[in-house]
2 protein chains.
Amino acid sequence: MRKGRETRAKILDAAEAAVLAKGFGATSIDELIVETGITKSGFFYHFRDKNELAKALLERYIENDERIYDEIFGRARELADDPLQAFLIGLKLLSELLSDLPNGHPGCLVATMCTQERAFDREIREINRQAALMWRRRFGAMFRDIMQVHKPREPLDADQLADMVSTVLEGGIVLSKALKEPKSLPDQVLVFRTFVRLLFQPAGQP
Amino acid sequence: MRKGRETRAKILDAAEAAVLAKGFGATSIDELIVETGITKSGFFYHFRDKNELAKALLERYIENDERIYDEIFGRARELADDPLQAFLIGLKLLSELLSDLPNGHPGCLVATMCTQERAFDREIREINRQAALMWRRRFGAMFRDIMQVHKPREPLDADQLADMVSTVLEGGIVLSKALKEPKSLPDQVLVFRTFVRLLFQPAGQP
DNA sequence: CGAAAACTGTACTGACGGTACAGGAGCGCA
DNA sequence: TGCGCTCCTGTACCGTCAGTACAGTTTTCG
């Protein structure tokens, strides 16, 4: 009864490692069943097709992502009362975490699945959309908190600012991969951090 | 003698349309040869393998991309003497151009090929890197020009600012695709534009 | 013990990328 | 006129991969 979930997890572990190493399309089911020590029939007992594997992988990835954000910005919130300071600390922590990844960010699954090298099904696209909306809600709430205390020097929409966080992260991942410079991603986060600081800094202050 | 290039272009046209519609992996050679009215042998006469097709497609895409940037920021430069104003106008024009795409941005090939759903070869990764470096040089020069006239309110590296342009574009594409909101991309460009304006606006000015 | 869950084994299909190779049409040139 | 080159066609074949079908077996839990 429980062994099923174990095997499923083992497949997902092998899949995650392979997908992050060489991409989803280049990861074959045959290779996963060898790794997992299972048969092909066994694989298809757990996943109807490769799309469902992608779905499970994506859901897992997003869950983990959310957990990391909870941790980082929760910790930041403990370190500062002011929501702006907390957010700035959170971005700093995030940048440091991204710097510490030895080979750079392994790549966002949400991005890989919506830059659609392969044709993924509607369910996956919907999960992707929900993930992006969750990011918007999370960071949008933070910006609204900030705006209740600090007047922005320019009128900007909280949701668009929230989207900017996702944009910088996703774009930074793409750029650092294209450039083969892992440092670009944390650097871009810090540039964005400077922009946010600038936006809510009272006029005339250094 | 010249007919070869014609056929090659026809293949690339068919490939570009198909790839932008459903992704590179989902585009089969068989389908391209039907579209082009050529045989499989004919296809492999022009392209050693699918990787070389990707390469040709990518080179074409980047060339076109550069042309668009030349046009937009060239036009912007005509409209304003001040490099900051010119850059801000350029971003506005870019945002408008992105708004006018009926189905949203079709997706950046550089991004699809470095979020590596499939394993692309080194040559392609190098072309990708060169493209990102060209963007950095282009926008880096603009920011250096701006900095010779305007003092930034915060000390930021011109190259990192230049990378931010690529980041916002690539990230915006990913986000607008994930959200299924084409407007997000031009919106993000405008948010970035506000940040740039803020950065070079003299302290104390509204 | 019995039933359901969790597989194994075998055999097969169709799509796809790719190879090999022989040959032919059309064109420019000496 | 014929040689050679570019630009293909045609045919046959291969390995990999996702996926199907389905019968049978082991494992696990109540």
Side-chain angles (χ1 to χ4, degrees), chain A residues 1-58 109 112-113 116-125, chain B residues 1-19 21-58 109 112-113 116-124:
Chain A
M1 294 288 183
R2 193 166 63 267
K3 197 170 171 254
R5 260 171 257 176
E6 248 175 65
T7 308
R8 205 184 132 98
K10 248 163 66 181
I11 297 173
L12 283 173
D13 285 338
E16 194 170 302
V19 167
L20 289 180
K22 54 188 181 180
F24 187 76
T27 300
S28 74
I29 293 173
D30 285 329
E31 132 193 28
L32 294 180
I33 67 180
V34 170
E35 185 92 1
T36 321
I38 209 179
T39 61
K40 206 167 186 179
S41 315
F43 176 89
F44 284 105
Y45 173 78
H46 287 286
F47 302 98
R48 197 169 29 331
D49 50 28
K50 218 186 168 186
N51 232 312
E52 219 176 67
L53 174 70
K55 204 183 107 188
L57 230 43
L58 182 61
L109 279 186
T112 63
M113 292 189 184
Q116 53 162 7
E117 141 80 3
R118 138 189 316 258
F120 288 105
D121 63 9
R122 277 182 202 158
E123 215 173 335
I124 285 191
R125 290 198 292 264
Chain B
M1 295 287 182
R2 194 166 64 267
K3 194 162 175 260
R5 261 172 255 178
E6 247 175 66
T7 309
R8 204 183 132 98
K10 247 164 69 181
I11 298 172
L12 283 173
D13 285 338
E16 193 170 303
V19 167
K22 53 187 180 181
F24 186 77
T27 299
S28 74
I29 293 173
D30 285 330
E31 135 192 24
L32 294 180
I33 68 179
V34 169
E35 185 91 3
T36 321
I38 210 180
T39 61
K40 206 168 183 178
S41 316
F43 176 88
F44 284 106
Y45 172 78
H46 288 286
F47 302 98
R48 199 168 30 325
D49 49 30
K50 218 187 168 188
N51 232 311
E52 218 177 66
L53 174 69
K55 205 182 106 189
L57 229 44
L58 183 60
L109 279 186
T112 63
M113 293 190 185
Q116 54 163 9
E117 141 80 3
R118 139 190 316 260
F120 287 106
D121 63 10
R122 278 183 202 159
E123 216 173 336
I124 285 191

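Computed over heavy atoms, backbone and side chain alike; hydrogens, waters and symmetry mates excluded. Chain A is the first sequence line, chain B the second, and so forth, proteins listed ahead of strands; every chain is numbered from 1.
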Specify the separation, in whole Å, of atom [atom1] of [X] and atom [atom2] of [N].
| X | N | atom1 | atom2 | answer |
| --- | --- | --- | --- | --- |
| A:F47 | D:dT20 | CZ | P | 15 Å |
| B:E6 | C:dG26 | CD | P | 16 Å |
| B:I38 | C:dG24 | CD1 | P | 20 Å |
| A:I33 | C:dA6 | CD1 | C1' | 16 Å |

Look at [X] and [N] and indicate whether a side-chain polar atom (N or O) is within less than 4.0 Å of OP1 or OP2.
| X | N | answer |
| --- | --- | --- |
| A:H46 | C:dA6 | no |
| A:T7 | C:dA6 | no |
| B:Y45 | D:dC7 | yes |

Would you mind building the protein contact string for nucleotides 11-16 of chain D? One character per nucleotide, 5' to 3', B for base within reach (heavy atoms under 4.0 Å), S for sugar-phosphate only, - for untouched.
B-----
Residues in side-chain contact (heavy atoms from CB on, under 4.5 Å) with [X], at least two apart?
| X | value |
| --- | --- |
| A:E31 | A:A18, A:K22, A:T27, A:S28 |
| A:D49 | A:N51, A:E52 |
| B:K10 | B:T36 |
| B:A15 | B:L32, B:L53, B:L57 |

A:D30: what forms a salt bridge (Lys or Arg N to Asp or Glu O under 4.0 Å) with it, not counting sequence neighbours?
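Salt bridge (Lys or Arg N to Asp or Glu O under 4.0 Å) check on A:D30 returns A:K40.
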Report the nucleotide, chosen from [options], that has the shortest atom-to-atom distance to any side-chain atom of [X].
| X | options | result |
| --- | --- | --- |
| B:T39 | D:dG10, C:dG17, C:dT8 | D:dG10 |
| B:F44 | D:dG19, D:dT9, C:dG18 | C:dG18 |
| B:D49 | C:dT8, C:dG18, D:dC7 | C:dG18 |

Compute both the distance and the angle, then confirm whether B:K55 meets the cation-pi test with B:F47: under 6.0 Å from the six-membered ring centre, within 45 degrees of the axis.
no
